[in-house]
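Since the structure is predicted, the reported quantities are computational estimates derived from the model, not experimental observations. Convention: sequence-line order gives letters A, B, ...; per-chain numbering from 1.
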Amino acid sequence: DATSGSSSDCQPCPCPNTCSVVPRTREVGKRCELCDDGFFGDPLGQSGPVRTCRACKCSENIDPNAVGNCERETGECLKCIYNTDGFFCDRCRDGFYGNALAPAVGDKCKACSCSPLGTLGSQVSCSPVTGQCQCLSNVEERDCSACQPGFYNLQSGDGCDRCNCNPIGSTN
Amino acid sequence: PRPDVHPLPPGTHLLYAQSGRIEHVPLEGYEMKKDAGKAVLHLPEKVIIGVAYDCVEKMVYWTEITSPSISKASVQAGEPTAVITSDLDSPEGIAIDHLSRTMFWTDSVKDHIEVASLDGSQRRVIIDTDLVNPRAIVTDPPNGNLYWADWNREAPKIETSHMDGSNRRVLVKDDLSLPNGLTYDSQSSLLCWADAGTHKLECTHPSHGDRRKVIEGLQYPFGITSFGKNIYYTDWRRDAVVAVDRHAGKESDMYQPQKKTKIYGIATAYAQCPAGQNYCAVN
């Protein structure tokens with residue numbers, strides 16, 4: 001307001017040339033209100049407390065050569081790799097099991113590989129931690145690939161049938 | 001026109017994307033006129049990845065990943081117009097065939113390559129198998145060829161096909177790591193790529209199958225574009241546009257915009273379209 005007659009009538013435009021004195025703090029936008037790609041936060045506190053821009057937190061399960069790895073305000077991870085999933089790429093995606101946070105890539109998430117013949121409704125997903133598939137009746141093993149002892153006919157696709165061996169003529 | 005947006009003066013320019021802006025730096029001969037670099041477009045909410053130039057209508061096209069879309073604007077300070085806004089996840093590379101008036105793009109989440117007319121109509125998926133991290137894509141309009149790179153860490157490769165996706169072949173697969181940038185120069189028939197893993201800039205004549213290293217020791221190349229004997233690449237480490245003299249095999253110049261954030265795609269805005277016509281343009 002240039003008409004009120006004080007020395008502070010005219011304020012400088014809130015339009016800096018570069019967003020921060022310290023380079024690499026990663027704010028962008030007209031008023032430095034956004035975080036750059038690969039970073040997240042709310043540097044001006046437009047929707048809550050001020051959160052300075054930080055690198056995407058995705059449990060080391062993103063690729064630094066990718067773009068758009070996380071949502072720039074919430075930090076939700078958008079490009080999880082190694083078959084991980086979740087807000088922080090911190091669990092295995094559907095159809096995989098194991099420890100998404102394991103340091104070695106080979107120890108992270110493995111395919112459920114449920115046996116189609118022994119699994120309920122031919123499901124492809126399993127318990128995300130143990131990897132146990134949902135077996136049909138009288139079927140066992142993590143991947144539902146075998147009949148329980150005393151049962152046979154996994155090939156039926158309806159679970160296993162009791163052997164019904166005559167106890168007198170059988171060896172055990 | 002907005003005060004922070006500048007129409008492109010006549011001449012040849014480099015157009016590059018830097019977090020929510022498309023900027024240009026004029027070329028005087030091969031030299032970047034660094035103090036004349038300015039914003040062509042300001043889209044602060046957006047993260048712009050790929051940039052392509054249509055020399056016929058003098059329009060810039062770009063891909064954007066925050067609300068995934070493909071848009072265009074006249075470089076004479078035109079308003080942005082959305083061209084494609086649906087069924088995109090992570091559109092990255094974009095290329096234009098100025099002769100047949102079509103555009104091609106890669107999507108690194110859908111893992112496919114699409115084509116559409118420059119107005120967004122007649123959209124079609126042309127490649128949807130064996131892609132993991134497709135990014136760079138370029139056209140060779142006079143010969144009707146398409147080239148793209150996939151930086152899949154397990155099996156990176158550079159491929160080619162006709163513009164309808166037929167006759168697909170792998171051109172390069174050995175000694176690649178992160179081939180982020182790809183450019184085709186019609187005059188020399190050279191396809192060149194910048195690799196952020198091997199840190200090399202290499203070229204091939206696709207029809208001969210030769211392979212030649214131009215320079216090694218690049219820092220972190222993302223996009224590249226060619227103009228005559230020069231290749232210009234964007235560098236994620238130095239937040240810069242770097243000029244490489246292809247004949248001398250060395251970096252000849254570097255432009256660091258005032259803004260210190262990653263620079264993504266880059267394209268050459270030619271003063272005039274290169275000569276030539278192709279099958280689609282006359283059919």
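More than 12 heavy atoms of other residues, nucleotides or ligands shown are found within 6.0 angstrom of CD on A/Q148. Shown here is A/E60, whose CD atom has no more than 12 heavy atoms of other residues, nucleotides or ligands within 6.0 Å. For B/K34, the NZ atom counts as densely surrounded, since its 6.0 Å shell holds more than 12 non-hydrogen atoms of other residues, nucleotides or ligands. Within 6.0 Å of NZ in A/K57 there are 12 or fewer heavy atoms belonging to other residues, nucleotides or ligands. Crowding of A/D94 atom CG: a count of heavy atoms from other residues, nucleotides or ligands under 6.0 Å not exceeding 12. The 12-atom threshold is not exceeded at OH of A/Y82, counting heavy atoms of other residues, nucleotides or ligands nearer than 6.0 Å.
There is no contact between B/D89 and chain A, counting heavy-atom distances below 4.5 Å. Of the two parts of A/D36, only the side chain, counted from C-beta on, holds a non-hydrogen atom closer than 4.5 Å to a non-hydrogen atom of chain B.
Residues B/E92 and A/K79 are paired through a salt bridge, judged by an N-O separation under 4.0 Å between the basic side chain and the carboxylate.
For the pair A/E27/B/T261, no side-chain contact is recorded, criterion being any heavy-atom separation below 4.5 Å from C-beta on. Counting heavy atoms from C-beta outward, B/R21 and A/V28 have side chains that stay 4.5 Å or more apart. Two residues are said to be in side-chain contact when any heavy atoms from C-beta on lie closer than 4.5 Å; B/R153 and A/N65 meet this criterion.
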(message) Let's go through A/E71 and B/T66 carefully: what are the C-alpha distance in whole Å and the side-chain angles of both, what is the deciding distance for side chain to side chain contact (heavy atoms under 4.5 Å, CB included) to 0.1 Å, and is it a yes or a no?
(response) CA-CA 8 Å; A/E71 207 280 326; B/T66 56; over 6 Å; no

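Note: B/N152 CG to A/D63 CG = 10.0 Å, rounded to the nearest 0.5 Å.
A donor-acceptor contact shorter than 3.5 Å is absent between the side chain of A/R72 and the backbone of B/V47.
In this structure, B/P44 and A/L34 approach most closely via the heavy-atom pair O-CD1, 3.1 Å.
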